[in-house]
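Worksheet: one structure, shown below.
Numbered from 1 within each chain, the chains take letters A, B, ... in sequence-line order.
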2 protein chains.
Amino acid sequence: MTDFSDKKLFDCTQCIFRMYSCMYMPEEEYEKIRKTANQLQFKKGEVILKQGSKTTHLLFLHKGVIKMNYENNAGKNIILTIVSGPKLLGGANLFFKDYNLFSIIAVEDCDVCLFDSKTLMSLLAENGSLLLTLVERATEMFQASIFNYISLAHKQVNGRISDILIYLSEHVYKTKQFILTLTRKEIAEFAGCSHENVIITLSKFNKEGIITINGKEIIINDMDKLQDISRRG
Amino acid sequence: MTDFSDKKLFDCTQCIFRMYSCMYMPEEEYEKIRKTANQLQFKKGEVILKQGSKTTHLLFLHKGVIKMNYENNAGKNIILTIVSGPKLLGGANLFFKDYNLFSIIAVEDCDVCLFDSKTLMSLLAENGSLLLTLVERATEMFQASIFNYISLAHKQVNGRISDILIYLSEHVYKTKQFILTLTRKEIAEFAGCSHENVIITLSKFNKEGIITINGKEIIINDMDKLQDISRRG
DNA sequence: GTTCGGGTATTAAATATTTCATATATGACT
DNA sequence: AGTCATATATGAAATATTTAATACCCGAAC
């Protein structure tokens with residue numbers, strides 16, 4: 001983790017969070033928030049927020065990819081969702097709990113802003129329209145998680161892996177050809193199956209020509225077939 | 001569904017929704033909302049809100065038990081969660097979407113209040129503190145769903161059924177002995193497995209003495225063992 | 001009173017998944 | 001260049017789950 005408190009890493013005037021804010025809030029008000037903001041860079045693998053730690057900040061992911069990781073009481077890691085910036089990471093994890101329910105871990109190098117949640121919350125309570133917008137954004141991610149989990153809980157591994165590939169392609173990397181920084185083990189933690197099963201399934205999709213695997217690179221050749229497998233579960 | 005627009009079914013002064021509201025809102029303001037409220041009773045099995053229909057109302061469940069049901073594009077029913085009143089049913093399903101993402105269906109007879117969401121939203125935008133509280137409540141249910149789904153996606157059927165029994169006991173019926181109105185098929189839709197598997201697992205738990213089944217009645221004899229099975233997955 | 005449909009229950013066979021053992025490849029570090 | 005840890009890959013055995021077939025019970029409808 002690198003702290004650049006003295007200089008500005010990202011241009012705040014380009015910030016999406018600010019864009020939302022100033023739709024509903026005068027510049028001076030926003031400045032109060034901005035002063036509490038802390039620009040940071042995280043390297044792949046670094047923990048941005050740790051499960052169980054106090055929630056003192058709301059997090060805005062400018063750039064990069066993170067995983068929301070939950071370690072259950074058996075010590076098993078479970079990936080709740082994977083998201084790419086720009087995105088506000090709040091909601092159940094950050095908005096209302098005293099302690100973080102999940103960890104947020106960088107899967108690729110990330111640029112983030114941390115906002116002091118106390119300052120933010122008191123400003124939000126006076127500014128319903130902004131709050132509505134923020135909650136709406138934060139809720140979006142939640143909805144996405146729910147639908148991920150519908151897939152995971154009610155489909156077999158073929159369908160789950162298809163869903164994850166579609167999700168990564170459409171919502172994280174936004175292209176059909178991407179470098180997958182997640183390991184097979186991490187995909188297994190996301191899909192809720194053994195890593196062997198992930199490998200077998202990916203190999204099968206590769207052999208059938210639905211996807212092409214070149215080391216870390218994945219190319220989705222036949223999105224229709226993938227969606228068909230997803231549909232049939 | 002029974003409409004009692006002329007008379008009052010439930011006592012509004014006892015309403016939990018009102019309680020939240022008047023913590024942050026003068027009586028006159030609340031009256032605006034109350035005037036748009038519509039008290040209704042639903043019988044077991046009736047659809048309260050239908051997936052795909054327009055979201056015109058926010059729903060407050062006074063009394064009873066509902067299931068959030070999602071019908072996927074293969075026509076398969078999936079139960080997202082089961083909740084008992086009093087509870088505000090909002091969040092992703094109702095707050096921000098033009099159309100309901102899920103259906104809400106009465107599992108037992110229910111008393112509900114429907115609030116016009118337009119009126120409510122405009123009042124909320126002017127009243128950040130109330131909004132925060134409502135969003136917090138709505139988010140709670142979401143969190144619970146997420147943890148349900150962690151269970152479903154990352155455990156095998158024994159663990160899932162255990163989790164569902166624990167959940168029903170602790171959060172829905174609030175006692176270790178309850179009349180389960182859900183059919184085995186519905187439990188299967190919740191657990192994400194075949195109904196045969198539900199029956200086999202429940203029978204097994206029954207034989208092992210962990211639970212006792214008398215027709216529709218379920219008694220949890222050994223909560224520790226159930227939690228142990230849940231933990232081991 | 002009979003029929004019908006739905007819920008409950010059980011089994012065997014087919015299929016899916018995990019576990020375990022093992023092997024190769026890769027990158028980091030010395 | 002060698003060592004270590006980790007990721008990838010594969011196959012066989014053990015286990016879990018679904019599917020399909022069948023049967024019983026019970027309440028609603030005729």
Side-chain angles (χ1 to χ4, degrees), chain A residues 43-46 67 74 76-79 105 107-108 151-165 179-208 211-218 229-230 232-233, chain B residues 43-45 67 74-79 105 107-108 151-165 179-208 211-218 229-230 232-233:
Chain A
K43 287 224 183 338
K44 180 178 157 179
E46 281 187 303
K67 63 176 172 181
K76 197 171 140 192
N77 283 313
I78 290 168
I79 294 181
I105 301 173
V107 166
E108 297 177 9
S151 157
L152 298 185
H154 294 271
K155 288 180 187 174
Q156 310 207 189
V157 172
N158 277 351
R160 298 187 206 183
I161 303 281
S162 296
D163 275 339
I164 288 176
L165 289 173
I179 308 292
L180 185 56
T181 34
L182 295 170
T183 66
R184 303 290 190 265
K185 188 166 154 289
E186 283 178 311
I187 300 174
E189 285 168 1
F190 196 10
C193 66
S194 65
H195 72 273
E196 289 93 337
N197 215 338
V198 171
I199 292 167
I200 289 170
T201 307
L202 287 178
S203 303
K204 196 173 62 185
F205 287 175
N206 189 22
K207 268 177 209 140
E208 289 170 2
I211 63 174
T212 302
I213 304 177
N214 296 320
K216 289 268 171 207
E217 187 187 42
I218 290 192
I229 295 171
S230 157
R232 278 180 293 126
Chain B
K43 287 225 183 338
K44 181 180 156 177
K67 63 176 172 182
K76 196 170 140 191
N77 283 313
I78 290 168
I79 294 181
I105 301 174
V107 165
E108 297 178 8
S151 159
L152 299 185
H154 293 272
K155 288 180 187 174
Q156 308 207 193
V157 172
N158 278 350
R160 299 186 205 182
I161 303 282
S162 297
D163 275 340
I164 287 176
L165 289 174
I179 307 292
L180 186 56
T181 34
L182 296 170
T183 67
R184 302 292 190 264
K185 189 166 153 289
E186 283 177 311
I187 299 175
E189 285 168 1
F190 196 9
C193 66
S194 65
H195 73 274
E196 288 90 341
N197 216 337
V198 171
I199 292 167
I200 289 169
T201 307
L202 287 178
S203 304
K204 197 173 60 186
F205 287 175
N206 188 21
K207 267 176 210 144
E208 290 170 2
I211 63 173
T212 303
I213 304 178
N214 295 320
K216 288 267 171 207
E217 188 186 41
I218 289 191
I229 296 172
S230 155
R232 278 180 293 125

message: For the helix from C:dG1-D:dC30 to C:dT30-D:dA1, what angle separates the axis at the start from the axis at the finish, each from five pairs, in steps of 10°?
response: 30°
query: Heavy atom of residues 193-206 of chain A under 4.0 Å from DNA chain C: which residues?
result: A:Cys193, A:Ser194, A:Glu196, A:Asn197
query: First and last nucleotide of DNA chain C touching chain A, 5' to 3', heavy-atom cut-off 4.0 Å?
result: C:dA16 to C:dC20
message: If the condition is side chain to side chain contact (heavy atoms under 4.5 Å, CB included), which residues does B:Ser203 pass it with, not counting sequence neighbours?
response: B:Ile199
task: Using the side-chain hydrogen bond (donor to acceptor under 3.5 Å, both in side chains) rule, collect all pairs that involve residues 190-201 of chain A, keeping only residues at least two apart or in two chains.
output: none
- request: State the CD-CD1 distance between A:Glu108 and A:Ile179, to the nearest 0.5 angstrom.
  value: 9.5 Å
query: To the nearest 0.5 Å, how far apart are CG in A:Asn214 and CG in A:Leu180?
result: 12.5 Å
For [X] and [Y], work out which heavy atoms get closest and say how close.
{"X": "A:His154", "Y": "B:Lys76", "answer": "O-NZ, 3.2 Å"}
{"X": "B:Gly45", "Y": "B:Ile105", "answer": "O-CG2, 3.6 Å"}
{"X": "B:Val157", "Y": "B:Cys193", "answer": "CG2-CB, 3.9 Å"}

field: Check: B:Leu165 and B:Leu202 side chains under 4.5 Å, non-hydrogen atoms
entry: yes
query: Got more than 12 heavy atoms from elsewhere within 6.0 Å of NZ, B:Lys44?
result: no
All N/O donor-acceptor pairs, side-chain side in residues 183-190 of chain A, below 3.5 Å, sequence neighbours left out:
{"from": "A:Thr183", "atom 1": "OG1", "to": "A:Lys185", "atom 2": "N", "distance (Å)": "3.3"}
{"from": "A:Thr183", "atom 1": "OG1", "to": "A:Glu186", "atom 2": "N", "distance (Å)": "3.1"}
{"from": "A:Lys185", "atom 1": "NZ", "to": "A:Glu189", "atom 2": "OE2", "distance (Å)": "3.3"}
{"from": "A:Glu186", "atom 1": "OE1", "to": "A:Thr183", "atom 2": "N", "distance (Å)": "3.1"}
{"from": "A:Glu186", "atom 1": "OE2", "to": "A:Lys67", "atom 2": "NZ", "distance (Å)": "2.6"}

